[in-house]
Amino acid sequence: MSSAAVVLGAVLVLSGCGGSGDEPDAAARETATTPATSSVTAAPTTTEATTTEAVTEAPATELPPAETTTEPAPEVPPTLEAVAFEQGESYYFTTPDGAFACGIVQLPGRTEAGCEGVTDPVPPQPESCVVNWGHGMRVVDSGPGEFLCSGGPVYLPVEGSAEVLPVGSPLSQLGYTCETTEADVTCTNDSTGHGFTMASGSNETF
């Protein structure tokens, strides 16, 4: 064999060995690169999961119901009409013609409504009345209206003079209602319906 052939064969052998040694290096570089890429991808995945949990839990918080309070209804003040006639625990007025002084009064043990003044006719004085008789009429807690038997004024205010009760303006206090017309005055017990009507020339009990 010639020396040229031997040299050529050696060159081919060396070339073959060099090619086989390069392939493992390339594979190693690819293997080293792949895990790095996977690690970078995993990080955003973990962050997205955490963000989703935070958004989901926030609406779960509930505020306690607001407390409500009910204010007591304010007391209704007495009407101006009642205040105008009131003295102490009683109410006094006069009729439009000035003929009668009247009152819805609180007395020890009872209430009553009555008027004082001259009226006609007046029945005979009963034996049970030993003081002034027939100078007025009244209605009490029970029973029909009756003529007044009294030793002195009953329906006059303690201080000053009483206001006029206008026609068509009933005064209702203490369970009684009194109202006037141009000619007479009527007082009624609201519970029993008993009462009286009196004028200068007439009167009636019921």
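Residues: numbered from 1 along the sequence shown.
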Next item on the list: Tell me whether Val140 is reachable from Val185 by hopping between hydrophobic residues (I, L, V, M, F, W, Y) whose side-chain heavy atoms are closer than 4.5 Å.
Entry: no

Next item on the list: Evaluate the criterion side-chain contact (heavy atoms from CB on, under 4.5 Å) for residue pair Met137 and Leu148; output intermediate values, then yes/no.
Entry: CA-CA 5 Å; Met137 304 182 75; Leu148 193 62; 6.0 Å; no

Item checked: Leu156-Met198 co-clustered via ILVMFWY side chain contacts under 4.5 Å -> no

Under 3.5 Å, sequence neighbours excluded: what are the donor-acceptor pairs made by side chains of residues 94-110?
residue : atom : partner : partner atom : Å
Thr95   : OG1  : Asp97   : OD1          : 2.7
Thr95   : OG1  : Ala99   : N            : 3.3
Thr95   : OG1  : Phe100  : N            : 3.2
Asp97   : OD1  : Ala99   : N            : 3.0
Arg110  : NE   : Glu112  : OE1          : 2.8
Arg110  : NH2  : Glu112  : OE1          : 2.8

Margin query: Return the CD to NE2 distance between Glu146 and His194, rounded to the nearest 0.5 Å.
Written below: 11.5 Å

Item checked: Pair Phe147-Cys129, side-chain contact (heavy atoms from CB on, under 4.5 Å): steps then yes or no -> CA-CA 11 Å; Phe147 282 88; Cys129 180; over 6 Å; no

Note to self: With a 4.5 Å cut-off on side-chain heavy atoms, are Val118 and His135 touching?
What the structure shows: no

Check: Are a donor atom and an acceptor atom from the side chains of Thr177 and Asp190 found within less than 3.5 Å of each other?
Finding: yes

Item checked: Minimum side-chain heavy-atom gap Pro126-Trp133 below 4.5 Å -> yes

Notebook entry, point to check: Do you see a donor-acceptor pair shorter than 3.5 Å between the side chains of Thr197 and Asp184?
Noted result: no

Item checked: Evaluation steps, side-chain contact (heavy atoms from CB on, under 4.5 Å), between Tyr176 and Thr188 -> CA-CA 6 Å; Tyr176 296 85; Thr188 306; over 6 Å; no

Next item on the list: May I ask you to check if the distance between the SG atoms of Cys115 and Cys187 is under 2.5 Å?
Entry: no

Notebook entry, point to check: According to the interplanar angle, ranging from 0 to 90°, do the rings of Phe93 and Phe85 count as parallel (below 30°), tilted (30 to 60°) or perpendicular (above 60°)?
Noted result: perpendicular

Check: Side-chain heavy atoms under 4.5 angstrom apart, residues restricted to Ile, Leu, Val, Met, Phe, Trp, Tyr: same cluster for Tyr155 and Leu165?
Finding: no

Next item on the list: Could you check Glu179 against Leu171 for side-chain contact (heavy atoms from CB on, under 4.5 Å), going step by step and ending with a plain yes or no?
Entry: CA-CA 6 Å; Glu179 54 187 327; Leu171 176 64; over 6 Å; no

Check: If we ignore angles and hydrogens, is there a donor and acceptor under 3.5 Å between the side chains of Tyr91 and Gln173?
Finding: yes

